[in-house]
Amino acid sequence: MKRKLISAKEIIKKHQITYQTINHYTNFGLIHVVTKKGNVRLYDEFQIRDRLTKITRLVSEGYPLRLISKKLNGS
């Protein structure tokens with residue numbers, strides 16, 4: 001099965017989060033860039049949906065991003 005790639009611009013529209021949040025989550029290792037086309041980072045759409053759902057739930061439960069990263073990345 002071929003995965004569907006999504007740009008940060010599409011993530012902003014679909015998930016109502018800011019570009020700064022996407023950058024922060026990417027830099028923090030919460031979401032991962034699959035590939036780049038020129039200056040555009042592309043993400044796996046399924047992973048983004050899954051990760052953002054988990055991140056949102058854990059943040060609402062009071063977890064800091066450092067612990068969320070450990071939970072999601074198995075560290």
Problem set entry | side-chain hydrogen bond (donor to acceptor under 3.5 Å, both in side chains) between Thr26 and Tyr43, worked out | CA-CA 10 Å; Thr26 301; Tyr43 302 84; 2.9 Å; yes
Exercise. Which is it for Leu67 and Leu58 under the side-chain contact (heavy atoms from CB on, under 4.5 Å) test, yes or no, and what are the steps along the way?
Worked result: CA-CA 9 Å; Leu67 289 178; Leu58 291 168; over 6 Å; no
Exercise. Do Glu10 side-chain atoms and Ser7 backbone N/O form a donor-acceptor pair below 3.5 Å?
Worked result: yes
Problem set entry | Among Thr18, Ile17, Asn23, side chain to side chain contact (heavy atoms under 4.5 Å, CB included) partner for Gln20 | Thr18
For this session: Please say which of Leu5, Ile48, Ile6 ends up in a side chain to side chain contact (heavy atoms under 4.5 Å, CB included) with Val34.
Result: Leu5
For this session: Identify the heavy atoms of Arg51 and Leu30 that sit nearest to each other, and give their distance.
Result: NH1-O, 2.6 Å
Exercise. Between Ser69 and Phe28, what is the shortest heavy-atom contact and its length?
Worked result: OG-O, 3.6 Å
For this session: Please assess Glu45 against Arg49 for the test salt bridge (charged side-chain N to carboxylate O under 4.0 Å, His left out), listing each intermediate value before the final yes or no.
Result: CA-CA 6 Å; Glu45 184 175 28; Arg49 184 178 38 215; 5.2 Å; no
Problem set entry | Carboxylate-amine/guanidinium contact Glu61 Arg57, below 4.0 Å | yes
Exercise. Looking at side-chain heavy atoms only, is the closest gap between Ile55 and Leu72 below 4.5 Å?
Worked result: yes
Problem set entry | Side-chain heavy-atom pair Leu65, His24 within 4.5 angstrom cut-off | yes
For this session: Please assess Ile22 against His15 for the test side-chain contact (heavy atoms from CB on, under 4.5 Å), listing each intermediate value before the final yes or no.
Result: CA-CA 10 Å; Ile22 295 169; His15 299 282; over 6 Å; no
Exercise. When rounded to the nearest 0.5 angstrom, what distance separates CD1 in Ile31 from CG in Asp44?
Worked result: 11.5 Å
For this session: Check whether NZ of the Lys or CZ of the Arg Lys4 lies under 6.0 Å from the centre of the six-membered ring of Phe46 and within 45 degrees of that ring's axis.
Result: no
